[in-house]
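Just so it is clear: chains get the letters A, B, ... in the order the sequence lines come, proteins before strands, and each one is counted from 1. Everything numeric here is computed off the predicted structure, so don't read it as measured data.
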2 protein chains.
Amino acid sequence: MVKNMDNKKITIKDVAKKSGVSVSTVSRILNGYEQNFTPRTVRRVLKARDELSYEPDYFARRMIMKESKTIGVLIPDITNPFFSELIRGIENILYKENFITMLCNADLDQEKEDTYLRELTRRGVDGFIIASSAISNESINATLKANGHPFIVLDQKKAEGISDAIITDDYTGGQLAAQHLKELGHEQIAIAMPKNAPANIQKRLSGVRSIYGEEQIDLVDAELSKTGGRAAVPAVLKTTATAIFAINDEIALGLYLGLSEAGKKIPADYSVIGYDNIDMCEYMVPQLTTIAQPIFELGQITAKMLLERIENPSKDWEERMLPVNLIERFSTAHLN
Amino acid sequence: MVKNMDNKKITIKDVAKKSGVSVSTVSRILNGYEQNFTPRTVRRVLKARDELSYEPDYFARRMIMKESKTIGVLIPDITNPFFSELIRGIENILYKENFITMLCNADLDQEKEDTYLRELTRRGVDGFIIASSAISNESINATLKANGHPFIVLDQKKAEGISDAIITDDYTGGQLAAQHLKELGHEQIAIAMPKNAPANIQKRLSGVRSIYGEEQIDLVDAELSKTGGRAAVPAVLKTTATAIFAINDEIALGLYLGLSEAGKKIPADYSVIGYDNIDMCEYMVPQLTTIAQPIFELGQITAKMLLERIENPSKDWEERMLPVNLIERFSTAHLN
DNA sequence: ACGTTTTAATAAAACGTTTTATTAAAACGT
DNA sequence: ACGTTTTAATAAAACGTTTTATTAAAACGT
């Protein structure tokens with residue numbers, strides 16, 4: 001901290017004294033009302049400010065101004081490439097607008113989520129981005145909605161007219177994946193996904209069901225992680241499926257290892273298709289065919305929508321749906 | 001925000017009025033000096049607090065108390081698994097101590113780093129964790145050291161008696177990798193690493209040089225990313241090396257793709273060894289042999305050391321070195 | 001030449017806390 | 001019974017800003 005002679009923090013008073021004007025004059029000049037003062041006064045104040053390296057005290061300032069230029073972001077796991085990419089998209093916009101990101105890694109732990117939510121509220125963040133699934137609608141309503149804090153829920157929850165919302169086209173995504181496998185001649189497919197999947201993931205399943213009949217689908221339980229994918233392989237082997245739809249790429253990466261351990265080749269023995277298009281897909285051998293979500297852009301748009309809401313709290317709720325598309329690589333092949 | 005009848009924020013005054021005591025009494029009771037008051041008064045105050053859902057204003061509080069319970073963390077790229085794992089370690093400790101993490105993703109962009117550093121200072125964070133390499137020692141000195149802000153530099157920089165420091169045993173790491181390849185009979189190796197690598201990475205190279213002679217080593221330029229690894233393959237192919245030491249795992253992942261594109265098999269044609277042991281290693285086919293750094297623990301210890309420094313600013317500088325070890329998997333094999 | 005408007009600047013209030021110094025009443029000790 | 005200490009509580013100052021209302025002086029208009 002920059003100190004004055006008495007070893008105390010430099011305040012606006014020091015600047016005022018040094019430039020021979022009042023505190024209010026310094027404040028006004030430093031906050032963009034220079035045109036109300038003579039050039040000479042302005043010059044003096046600026047000079048004093050620079051010579052003392054004066055920086056307004058953040059807390060004193062915020063106490064009056066009631067805005068913190070901070071956004072709280074709640075995610076389940078920063079280690080998951082989907083979320084780290086999302087964060088980059090968010091941060092990319094926020095940085096440009098001089099906002100700072102408060103990262104809260106909630107670990108799918110409901111208590112931790114609630115704690116973070118309360119703590120962020122206490123700290124007066126200007127808005128919330130919530131991409132964590134465990135969080136209950138009640139928590140959101142009690143802590144955010146009821147108190148009029150701007151927030152936006154992402155990816156896992158349907159907002160249903162209680163907030164802005166942004167989703168990707170999961171139904172079409174599921175269709176696209178299924179269509180691709182069908183065209184390759186696969187008549188029996190396995191889908192690796194968690195039993196209690198969030199709504200957006202359920203939608204992908206519905207998409208598949210619009211292409212494949214119920215008896216052509218083997219649902220295989222798998223956590224949304226590499227470990228989950230690896231562990232799901234034995235169950236897959238028990239089915240008659242010739243292709244596997246991993247409901248996210250992380251699961252697909254686990255499948256690669258599990259299948260290899262079982263002596264199976266991709267795509268000779270099993271075609272594998274993922275979902276998300278995290279950048280690791282391109283680096284697998286064989287490269288992973290997947291449904292691409294525009295993750296970075298998703299983050300950007302989320303941040304933008306939230307900032308607009310903060311700017312104009314009473315505007316109508318906005319809903320955005322982002323398109324997805326199939327990226328064909330080398331983990332899927334024609335049957336035989 | 002919780003409001004009172006006049007639709008204004010609930011303040012300590014409201015609580016005081018409701019419980020029929022003075023503002024200072026409320027403050028003291030709510031800040032852990034209950035033993036100075038009669039149980040009856042304490043009860044009343046607590047009751048009023050609860051009924052009004054009073055939360056002390058963060059900014060007013062911080063203005064007086066001069067601590068923000070916030071740590072700023074500066075990293076180059078959250079998308080890199082090394083850093084996301086590191087963040088988790090940091091966050092793991094910070095959360096327990098009721099600190100919040102401010103994440104700054106600096107993109108190896110010097111200007112962005114400086115901006116973030118200044119912004120964090122302005123916001124009065126209690127301490128800094130700096131794991132970003134582009135940052136200049138001058139910036140650190142000017143912004144942090146000179147102003148007595150607690151900070152800790154991680155991984156890439158030598159602190160040299162100007163701050164606490166924590167490093168991993170990079171020299172031994174390099175030795176371990178080299179030794180392993182030597183034992184497998186490789187007499188000529190390539191090392192994929194950036195030309196202007198930070199100090200810790202240079203140390204790994206020194207470690208290798210203690211095992212292999214200068215003429216047995218082919219230095220191949222590669223950025224610290226998957227892209228970098230992939231792009232380095234043509235250069236590797238031009239050498240007579242039979243094994244490749246990727247200076248971090250990300251490069252190794254890129255090598256997998258590049259080699260596969262060149263029709264080369266791991267480990268039959270090339271043995272590959274990485275560095276870091278990010279969790280992806282286990283999921284590659286073949287699984288990647290690597291030098292393991294205790295990344296999560298590194299984050300934890302860093303956070304702990306910083307908190308101790310904040311607690312006790314005048315204690316002696318502390319330096320810690322964490323061990324590394326070889327994880328043998330299936331990407332390295334005996335020559336022929 | 002004098003009342004009115006504009007300009008340049010400031011004094012004082014406000015933001016919502018914590019902390020320090022003070023006080024009135026009760027308890028204590030002989 | 002009366003001076004002293006302890007207890008329970010508070011008034012007032014302080015933290016460092018921004019903003020509102022005010023003022024003195026200058027400029028203006030006829």
Side-chain angles (χ1 to χ4, degrees), chain A residues 1-4 6-46 48-49 52-69 121-124 126, chain B residues 1-4 6-46 48-49 52-69 121-124 126:
Chain A
M1 208 175 302
V2 186
K3 307 286 181 57
N4 63 12
D6 306 330
N7 199 34
K8 295 189 44 175
K9 196 188 174 200
I10 296 226
T11 73
I12 198 171
K13 283 184 195 162
D14 298 306
V15 181
K17 189 178 295 175
K18 178 142 192 161
S19 44
V21 301
S22 77
V23 162
S24 16
T25 301
V26 175
S27 175
R28 307 229 86 211
I29 288 181
L30 263 29
N31 284 289
Y33 297 90
E34 314 90 337
Q35 74 279 12
N36 293 342
F37 299 87
T38 50
R40 181 161 160 279
T41 323
V42 173
R43 225 180 308 118
R44 280 179 161 195
V45 169
L46 260 30
R49 190 263 314 263
L52 296 169
S53 316
Y54 165 73
E55 288 277 4
D57 182 90
Y58 180 76
F59 297 111
R61 199 146 199 262
R62 290 313 173 217
M63 179 162 60
I64 296 182
M65 315 247 285
K66 303 296 174 213
E67 50 160 39
S68 61
K69 291 274 189 183
T121 312
R122 208 165 335 185
R123 285 166 184 248
D126 297 329
Chain B
M1 207 175 305
V2 186
K3 307 285 180 60
N4 62 14
D6 306 330
N7 198 33
K8 296 190 42 174
K9 197 190 175 200
I10 296 228
T11 75
I12 197 170
K13 282 184 194 161
D14 298 306
V15 181
K17 189 178 295 174
K18 177 142 193 161
S19 42
V21 301
S22 75
V23 161
S24 16
T25 302
V26 175
S27 175
R28 307 229 85 210
I29 288 181
L30 261 30
N31 284 288
Y33 297 89
E34 313 92 337
Q35 74 279 11
N36 293 342
F37 298 88
T38 50
R40 181 161 160 278
T41 324
V42 173
R43 224 179 310 115
R44 282 179 158 195
V45 168
L46 260 30
R49 190 263 316 260
L52 297 170
S53 313
Y54 165 72
E55 289 276 3
D57 182 88
Y58 180 76
F59 297 112
R61 200 148 198 262
R62 289 313 172 217
M63 179 161 61
I64 296 183
M65 316 247 286
K66 303 298 173 210
E67 49 160 39
S68 60
K69 290 273 188 187
T121 312
R122 208 166 336 189
R123 285 165 184 249
D126 297 329

Task: Whichever of B:Thr41 and A:Arg28 has its nearest DNA chain D nucleotide further upstream toward 5' - done: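 Of the two residues, B:Thr41 wins.
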Open item on the list: By nearest atom, which of the nucleotides D:dA8, C:dA9, C:dT18 is closest to the A:Thr38 side chain?
Closed with: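 Side chain of A:Thr38 sits closest to C:dA9.
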Task: Among D:dA9, C:dT19, C:dT10, the nucleotide that comes nearest once only the side chain of B:Thr25 is considered - done: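 When the side chain of B:Thr25 is considered, D:dA9 is the closest of D:dA9, C:dT19, C:dT10.
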Take the protein atom [atom1] of [X] and the nucleotide atom [atom2] of [N], then report the distance between them rounded to whole Å.
{"X": "A:Phe59", "N": "D:dA14", "atom1": "CZ", "atom2": "C1'", "answer": "17 Å"}
{"X": "B:Lys66", "N": "C:dT17", "atom1": "NZ", "atom2": "P", "answer": "16 Å"}
{"X": "B:Arg62", "N": "D:dG16", "atom1": "CZ", "atom2": "C1'", "answer": "16 Å"}
{"X": "B:Lys9", "N": "C:dC15", "atom1": "NZ", "atom2": "C1'", "answer": "10 Å"}
{"X": "B:Met63", "N": "D:dA13", "atom1": "CE", "atom2": "P", "answer": "17 Å"}
{"X": "A:Ile12", "N": "C:dT10", "atom1": "CD1", "atom2": "P", "answer": "12 Å"}
{"X": "A:Phe37", "N": "C:dT10", "atom1": "CZ", "atom2": "P", "answer": "8 Å"}
{"X": "A:Glu67", "N": "C:dC15", "atom1": "CD", "atom2": "P", "answer": "18 Å"}

I'd like to check [X] versus [Y] (side-chain heavy atoms, cut-off strictly below 4.5 Å). Are they in contact?
{"X": "B:Arg62", "Y": "B:Lys69", "answer": "yes"}
{"X": "A:Asp57", "Y": "A:Thr11", "answer": "no"}
{"X": "B:Leu30", "Y": "B:Tyr54", "answer": "yes"}
{"X": "B:Lys13", "Y": "B:Lys17", "answer": "no"}
{"X": "B:Ser27", "Y": "B:Ile12", "answer": "yes"}
{"X": "B:Arg61", "Y": "B:Asn31", "answer": "yes"}

Any side-chain N or O of [X] less than 4.0 Å from the OP1 or OP2 oxygen of [N]?
{"X": "A:Ser24", "N": "D:dT19", "answer": "no"}
{"X": "A:Asn36", "N": "C:dA8", "answer": "no"}
{"X": "A:Tyr58", "N": "D:dC15", "answer": "no"}
{"X": "B:Tyr54", "N": "C:dT17", "answer": "yes"}
{"X": "B:Arg61", "N": "C:dT18", "answer": "yes"}

Task: Base D:dA9 to side chain B:Ser22, donor-acceptor N/O within 3.5 Å cut-off - done: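 Side chain to base: no pair below 3.5 Å.
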Would you classify [X] as touching base, sugar-phosphate or nothing, given that sugar-phosphate means primed atoms plus P, OP1 and OP2, and contacts are heavy atoms under 4.0 Å?
{"X": "A:Val23", "answer": "base"}
{"X": "B:Ser27", "answer": "base"}
{"X": "A:Glu34", "answer": "nothing"}

Task: Opposite nucleotide pairing with C:dA11, Watson-Crick or G-U, both atom distances under 3.5 Å - done: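 Answer to the pairing question: D:dT20, which forms a Watson-Crick or G-U pair with C:dA11.
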Open item on the list: Need the pair for D:dG29. Rule: Watson-Crick or G-U wobble, both distances under 3.5 Å, any strand; none if unpaired.
Closed with: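 Check on D:dG29: paired to C:dC2, both distances under 3.5 Å.
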